[in-house]
Amino acid sequence: MGPKSLLRDLLRQALEGLEVPEIPLQETPEGHPGDYGTPLAFTLARRLRRSPEAIARELQARLPQPPWLKAVHQVGGYLNFELDPAFLLQLAAAPLPVPPPAETRILIEHTSVNPNKELHVGHLRNICLGDALARILRYSGHPVRVLNYIDDTGRQVAESLYALERYGLEAPEGKYDHWVGKAYVRLHGELQDPSKAAEIEAQVQRYLHRLEGGELREAVARIVAANLETMLALGARYDLLVWESDLLQAGLLAQALKLFEGHPEVTRPQEGKYAGALIMDVRRFFPELEDPYVVLLRSNGTATYTAKDIAFQFWKMGLLQGLRFRPYGAVEGFTLPELWTSAPQGEALEPFLAQETINTVDVRQAFPQAVLRAALEIAGYPELAQRAYHLAYETVLLEGAQMSGRRGHTVSIDEVLQEARERALKVVREKNPQHPDPEGVARAVGLAAIRFAMVRIEPKKQIDFRLQEALSLEGDTGPYIQYAQARAASLLRRAEEEGLEATPDFTQGTAYERRLGKEMLRFSEVVAEAATRRSPHLLAQYLLSLASTWNAYYNAKDAQGPATPVLTAPPGLRGLRLALIRQLREELRLGLELLGIEAPASM
């Protein structure tokens, strides 16, 4: 149990049964007495009709006085708690408590790119955010299932497959999805010619009908396999691949529409603009819309993207059944025993019955995501609508420029991964020519640069990705944190090799250890907050702070020289410092792991 939990228990005892929804506690600012403070008296003042100062005085008088609580300071209406220094350091050096099991079953969808070309930098943020959040939620005790939706009946796929036929492309050059992507861009170049547009459109429609009938599964599967190579190289992991064609053939769309039968907000007009179409009236949810109708089925009977998305959302929340699955198998360079893919000849999996869904989709899709929640309410499931969370994120610029897949104005993730590895390898060889595994470290550092850059900023802020800055071993980067934990690992190795381990004497701690220990004690709290707020950037920012605090501790100096020597310190103090560093290294390692980043033992 951490210090804040212990202090909250004391405050609850002092409240003598008075219920409060939350007891706020925070670290006291520099220059103020105590380690942690609470403004609880201000929270209670209006309710009790008394001054915060008087309430704080009474709470202080009622507080139990365990031996680990050195002093309680009243500062106006605040209460500041000063912990016994040795006790605080013991808490900081102790192994992290295992989060208790959480009841909420969470289904996360992320990536879900159109399988018609290679993945580009614009897809990076979606993958890194969704994958990191899944890791954080699993660590926090939640049952989590991760989905990747394969839109194999969409227009982009039809265009790519027709492009291969149109240009007689049969023998791929290079990685398959890159080769297909070039054909897709070439076709869009031709579409700019009005004399060719009608002919191309007719052929694309022909391919669309074949895709919806499930005829071209193998052709799309080849692109998906190439895409998966990239996703897995990036460190992403999935539980299920759900193909749109399987969703349609299993009758999930018909099941979803049946849930709307007889509802006055879902109708089929006989005249006017929407004559013959099945439409959903969403004015109850969006009163500002001039045209509040969302088309589910066109007048020719074909389903819209919205209708398919609704069916998928209903399935995710356990309202529909019928999809079947089989083990996916292997992707070049990866074995995937836990990955299953939907397949007509598969088997029925035990329903996950998600209590919450998280759809990782960029902020431009806010309205379609809101329509999914409206559809759940219209179908009679308002409680599920409240649990359909949109993890919205802003777009990614590359060196200040927007990207466009149709025009070919992109840089692929494969290229960025390769460039990151090459640049990182150059740095590793310069800084540590004798490193036993420079290639392995370069891969880990390159990946850290990319993934950390995608999660360290609040999702609703735009990212301008610049690879050279992301690879820096200084500043707000993943490699900076990796280097900090590698420094800690190096000290621990030397202590073991030189036989310098010692029993810690926590009473010998100084203000330097106290400052480091207090920062370490925030780890569990920050991870819990990142899980609750569905915000991996909170963990990323904390890891930067922890690494910075550790580097400041390591480099601290006083009038006599180094202020925090470890290996040359007296035995009791040395044991204390090694215990703190061992736990610090574990927190940095685990924090990086929760963001999908490896922590090399040496760099």
Side-chain angles (χ1 to χ4, degrees), residues 106-110 112 114 126 147 149 151 153-156 208 212 242 244 247-248 251-322 353-395 459-460 533-534:
I106 301 175
L107 194 152
I108 299 179
E109 179 193 347
H110 69 79
S112 301
N114 293 312
N126 185 304
L147 298 186
Y149 188 63
D151 180 6
T153 68
R155 181 181 180 86
Q156 289 90 339
L208 273 170
E212 289 180 357
V242 178
E244 187 169 280
L247 183 148
L248 297 175
L252 267 65
L253 178 59
Q255 290 182 47
L257 296 179
K258 192 174 181 62
L259 292 176
F260 294 126
E261 277 187 2
H263 199 285
E265 288 173 301
V266 180
T267 59
R268 195 184 291 273
Q270 299 306 306
E271 56 184 25
K273 176 180 176 182
Y274 296 109
L278 185 68
I279 61 173
M280 183 168 65
D281 184 346
V282 295
R283 77 182 73 200
R284 175 157 60 100
F285 310 95
F286 312 103
E288 73 283 359
L289 291 180
E290 290 185 15
D291 183 350
Y293 300 110
V294 174
V295 177
L296 301 178
L297 295 179
R298 301 179 185 92
S299 57
N300 63 5
T302 59
T304 60
Y305 282 118
T306 301
K308 296 173 187 177
D309 286 347
I310 288 171
F312 187 40
Q313 182 68 33
F314 284 13
W315 175 82
K316 287 194 284 188
M317 304 202 93
L319 301 179
L320 311 178
Q321 301 295 327
L353 299 179
Q355 295 162 303
E356 178 183 337
T357 61
I358 298 174
N359 295 340
T360 312
V361 187
D362 79 50
V363 71
R364 294 171 296 185
Q365 299 300 311
F367 179 70
Q369 289 296 306
V371 168
L372 295 183
R373 293 190 292 275
L376 283 164
E377 288 216 34
I378 289 171
Y381 300 96
E383 71 287 351
L384 293 183
Q386 296 301 313
R387 298 177 195 154
Y389 180 75
H390 176 202
L391 177 52
Y393 61 91
E394 262 293 353
T395 55
K460 292 185 180 180
R533 291 175 52 185
R534 313 303 190 235

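Values below: all heavy atoms of this structure, side chains included; hydrogens, waters and symmetry mates excluded.
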Donor-acceptor under 3.5 Å (His390 side chain, Val361 main chain): yes

Pi-cation contact, Phe312 with Lys308 (under 6.0 Å, within 45°): no

Nearest heavy atoms of Val295 and Ala277, plus distance in Å: CG1-CB, 4.4 Å

Between CG on residue Leu372 and CZ on residue Phe367, distance to nearest 0.5 Å: 10.5 Å

Ile108 side chain near Thr360 side chain, heavy-atom distance below 4.5 Å: yes

Backbone of Gln321 reached by a side-chain donor or acceptor of Gln255 within 3.5 Å: yes

Heavy-atom closest pair, residues Ile310 and Ala375: CD1-CB, 3.8 Å

Value rounded to 0.5 Å, distance of CG in Leu376 from CZ in Arg387: 11.0 Å

Atom CD of Glu290 with >12 non-hydrogen neighbours under 6.0 angstrom: no

Asp151 side chain to Ser112 backbone, donor-acceptor under 3.5 Å: no

side-chain contact (heavy atoms from CB on, under 4.5 Å) evaluation trace for Trp315 with Val242: CA-CA 11 Å; Trp315 175 82; Val242 178; 4.1 Å; yes

Gln313 side, atom CD; Tyr381 side, atom OH - distance, nearest 0.5 Å: 13.5 Å

Nearest-0.5 Å distance that lies between atom CG in Leu384 and atom OG1 in Thr357: 8.5 Å

CG on Leu320 to CG on Leu252, rounded to 0.5 Å: 5.0 Å

Distance-minimising heavy-atom pair for Pro382 and Glu377: CA-CG, 3.9 Å

Validation row: Asn126, Asp362 side chains within 4.5 angstrom (heavy atoms): no

Neighbour count >12 (heavy atoms, 6.0 Å) for atom CD, Glu383: yes

Modelled atom types, side-chain donor and acceptor of Asn359 and Gln365, under 3.5 Å: no

Sub-4.5 Å side-chain heavy-atom contact between Ile358 and Ile106: yes

Donor-acceptor contact below 3.5 Å, side chain Thr304 vs main chain Leu296: yes

From NZ (Lys273) to OG (Ser299), nearest 0.5 Å: 12.5 Å

side-chain contact (heavy atoms from CB on, under 4.5 Å) between Glu288 and Phe286, worked out: CA-CA 5 Å; Glu288 73 283 359; Phe286 312 103; 3.8 Å; yes

Check: Thr153 side chain, Glu212 main-chain N or O, donor-acceptor pair, under 3.5 Å: no

Any donor-acceptor N or O pair under 3.5 Å, side chains Tyr274, Arg268: no

Which atom of Leu297 lies closest to which atom of Ala303, heavy atoms considered: CD2-CA, 3.7 Å

Nearest heavy atoms of Arg533 and Tyr389, plus distance in Å: O-OH, 4.0 Å

Derivation of the side-chain contact (heavy atoms from CB on, under 4.5 Å) call for Asp281 and Thr267: CA-CA 8 Å; Asp281 184 346; Thr267 59; over 6 Å; no

Nearest atoms (heavy-atom pairs only) where Pro269 meets Ile279: CG-CD1, 3.6 Å

